[in-house]
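What's counted below: heavy atoms across the whole structure, side chains too, no hydrogens, waters or symmetry copies. One is the number of the first residue; the rest follow in order along the sequence.
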Amino acid sequence: MVELGDSFDAPLELVRWFRTARPSVLVVEDDVVFRQALSSYLWNAGVIVSEVRDGSEAIDIALDPRVSFDAIILDLLLPIRDGSEVVEVIRSAGVLTPVLILSALSQPQDRVAGLSVGADDYLGKPVHFVELLLRLAKLIQRRDDSAVLLNRLRCGRILISVETRQAWVGDDEIFLSPTEFDILRYLVRRSGLVLTRETIRSVIWPEADAIAPNLIDSHIAHLRRKLDGLETGASIQTVHGVGYRLQVDVDVH
C-alpha cells in the first residue's frame with residue numbers, strides 16, 4: 001500500500017512541476033481502498049486522475065482515440081485480463097504511453113517479466129508516495145514531447161508559452177486574463193478531446209468544491225470573442241450537455 005503522509009512532504013520543485021504540467025494519468029487497480037488512496041494523493045499533487053478496476057476496462061480506455069494520458073499506473077494482478085496482457089495489447093496497437101507497474105509481485109523475476117512485455121518502470125508494493133511521484137515525473141519528462149508539455153503548446157495556429165504565460169495566433173499576441181489563459185492552455189493540451197465542465201473545474205479551480213454554474217461558459221465565451229476573426233486553424237466547440245472541445249480545423253505545417 002501507499003505509505004500515508006501529506007504529498008507536501010515531496011520536494012517543492014517536484015510538486016510545482018506536477019501542478020504546472022497537470023499531467024493526465026490512468027490508474028488501473030482493483031483494490032478499491034488502495035486505488036482511492038493512490039488517486040487522492042495524485043490529485044493532491046496536481047495530477048488529473050482517471051480510474052479503472054480491471055484489465056479489460058484498461059485496454060478499452062487506453063485504445064480509445066478520444067482519450068489521451070501522459071502515463072498509466074498499472075497493477076499486475078487484475079480481474080478479467082492481467083496487467084501483463086494489458087501492456088502487450090496496447091503496445092501491439094501502437095500505444096506508447098509510459099506505463100509504470102505498481103505490484104505486490106516484487107521479486108526480480110517479476111520485475112524482469114513486467115519490463116519485458118513493454119512497461120517503462122516497475123515499483124513493488126508497499127511503495128513510498130514520494131518515490132512514486134519522482135518516478136512518474138521522470139517517465140513523463142522522458143517522453144519526446146516533454147519540452148512541449150511544460151514550455152510550448154500548439155494547436156492549429158494557436159501557440160502558447162507556458163513559461164511566460166503568453167498566447168499567439170501566428171504573429172499576433174492574444175491578451176488573456178489569467179483564468180482565460182489557464183483554460184486555453186488546458187484546451188490546447190487536450191485538443192481533440194471532449195472535456196467535461198467538471199474536469200475543467202477540477203483543473204482550473206482545484207481548491208474549489210463548487211463554482212457558479214455559468215462561470216466556465218462565461219470564460220469560454222470571452223475566449224471565443226478574443227479568437228474570433230483570427231486565423232486560428234482551430235475552434236472551441238460546444239458538446240451540448242457535456243462540455244467543450246478544441247478541434248483543429250485545418251492542417252498546419
Side-chain angles (χ1 to χ4, degrees), residues 7-8 10 13-27 35-36 38-52 61 64 66-73 97-98 133 136-137 139-141 143 145-146 148-155 158-167 174 176-224 226-227 234-239 241-248:
S7 66
F8 290 100
E13 286 301 316
L14 179 63
V15 174
R16 184 180 294 122
W17 184 88
F18 274 102
R19 292 184 176 176
T20 299
R22 297 294 280 172
S24 177
V25 174
L26 175 64
V27 173
R35 185 177 71 243
Q36 291 177 344
L38 175 58
S39 295
S40 177
Y41 277 124
L42 292 173
W43 275 107
N44 194 32
V47 178
I48 308 301
V49 182
S50 298
E51 302 177 24
V52 295
I61 194 170
D64 189 333
R66 300 167 298 176
V67 181
S68 175
F69 298 103
D70 297 301
I72 298 171
I73 297 176
T97 306
L133 276 186
L136 188 60
L139 282 182
I140 297 171
Q141 291 168 348
R143 300 177 71 195
D145 61 350
S146 59
V148 174
L149 180 64
L150 283 179
N151 297 316
R152 296 234 163 181
L153 303 169
R154 182 185 295 276
C155 179
I158 300 171
L159 177 65
I160 288 178
S161 170
V162 176
E163 185 176 16
T164 64
R165 294 184 63 84
Q166 291 174 282
I174 315 164
L176 305 171
S177 72
T179 301
E180 289 167 356
F181 178 86
D182 289 338
I183 292 175
L184 182 61
R185 175 180 64 179
Y186 188 57
L187 289 172
V188 170
R189 278 205 60 214
R190 295 291 171 215
S191 60
L193 303 179
V194 177
L195 305 175
T196 67
R197 288 176 175 82
E198 176 56 27
T199 298
I200 295 172
R201 182 209 61 76
S202 69
V203 171
I204 308 303
W205 297 277
E207 306 300 327
D209 293 328
I211 59 172
N214 64 344
L215 183 59
I216 293 173
D217 298 336
S218 176
H219 283 297
I220 292 290
H222 288 307
L223 266 176
R224 281 174 167 158
K226 291 184 178 182
L227 296 174
S235 58
I236 301 174
Q237 301 176 348
T238 299
V239 181
V242 181
Y244 296 96
R245 170 176 55 208
L246 182 64
Q247 185 67 44
V248 175

Check your understanding: Taking only residues two or more places apart in sequence or in another chain, which ones pass side-chain contact (heavy atoms from CB on, under 4.5 Å) with Arg224?
Key ->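 Partners of Arg224 by the side-chain contact (heavy atoms from CB on, under 4.5 Å) criterion, ordered by chain and then number, come out as Ile220, Ile236, Thr238, Tyr244.
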>> So Asp182 and Arg185, do their side chains get closer than 4.5 Å, heavy atoms only?
In response: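 They are in side-chain contact.
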Discussion item. Any non-hydrogen side-chain atom of Asp70 less than 4.5 Å from a side-chain atom of Pro98?
Written reply: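 SC-SC contact between Asp70 and Pro98 ruled out.
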Q. Rounded to the nearest 0.5 Å, how far does CZ of Arg201 lie from CG of Leu215?
A.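 These two atoms lie 11.5 Å from each other.
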Original post:
CZ/Arg154 to OG/Ser191 distance, rounded to the nearest 0.5 angstrom?
Top reply: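 Spacing of CZ (Arg154) from OG (Ser191) equals 12.0 Å.
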Identify the heavy atoms of [X] and [Y] that sit nearest to each other, and give their distance.
X: Phe69; Y: Ile61; answer: CZ-CD1, 3.8 Å
X: Ser39; Y: Glu51; answer: OG-OE2, 3.0 Å
X: Trp17; Y: Pro23; answer: CZ3-CG, 4.3 Å

Exactly one of Arg245, Arg190, Arg189 should register a side chain to side chain contact (heavy atoms under 4.5 Å, CB included) with Leu195. Which one does?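 In the set Arg245, Arg190, Arg189, the residue that makes a side chain to side chain contact (heavy atoms under 4.5 Å, CB included) with Leu195 is Arg190.
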Margin query: Please evaluate residues Ile160 and Phe181 with respect to the criterion side-chain contact (heavy atoms from CB on, under 4.5 Å), reporting the C-alpha separation (whole Å), side-chain torsions for both, the decisive distance (0.1 Å), and the verdict.
Written below: CA-CA 9 Å; Ile160 288 178; Phe181 178 86; 3.6 Å; yes
Checklist entry - So, does Ser202 use its side chain to make a donor-acceptor pair with the main chain of Thr199 at under 3.5 Å? => result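 Checking the backbone N and O of Thr199 against the side chain of Ser202, a donor-acceptor pair under 3.5 Å is found.
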Exercise for the section: Using the side-chain contact (heavy atoms from CB on, under 4.5 Å) rule, take Val203 and Ile183 through it: C-alpha gap first, then chi angles, then the decisive distance, then the call. Expected result: CA-CA 9 Å; Val203 171; Ile183 292 175; over 6 Å; no
Could you walk me through whether Ile216 and Ile204 pass the side-chain contact (heavy atoms from CB on, under 4.5 Å) check?
CA-CA 10 Å; Ile216 293 173; Ile204 308 303; over 6 Å; no
>> Determine whether Thr97 and Leu26 satisfy the following criterion, side-chain contact (heavy atoms from CB on, under 4.5 Å), listing intermediate values before the conclusion.
In response: CA-CA 10 Å; Thr97 306; Leu26 175 64; over 6 Å; no
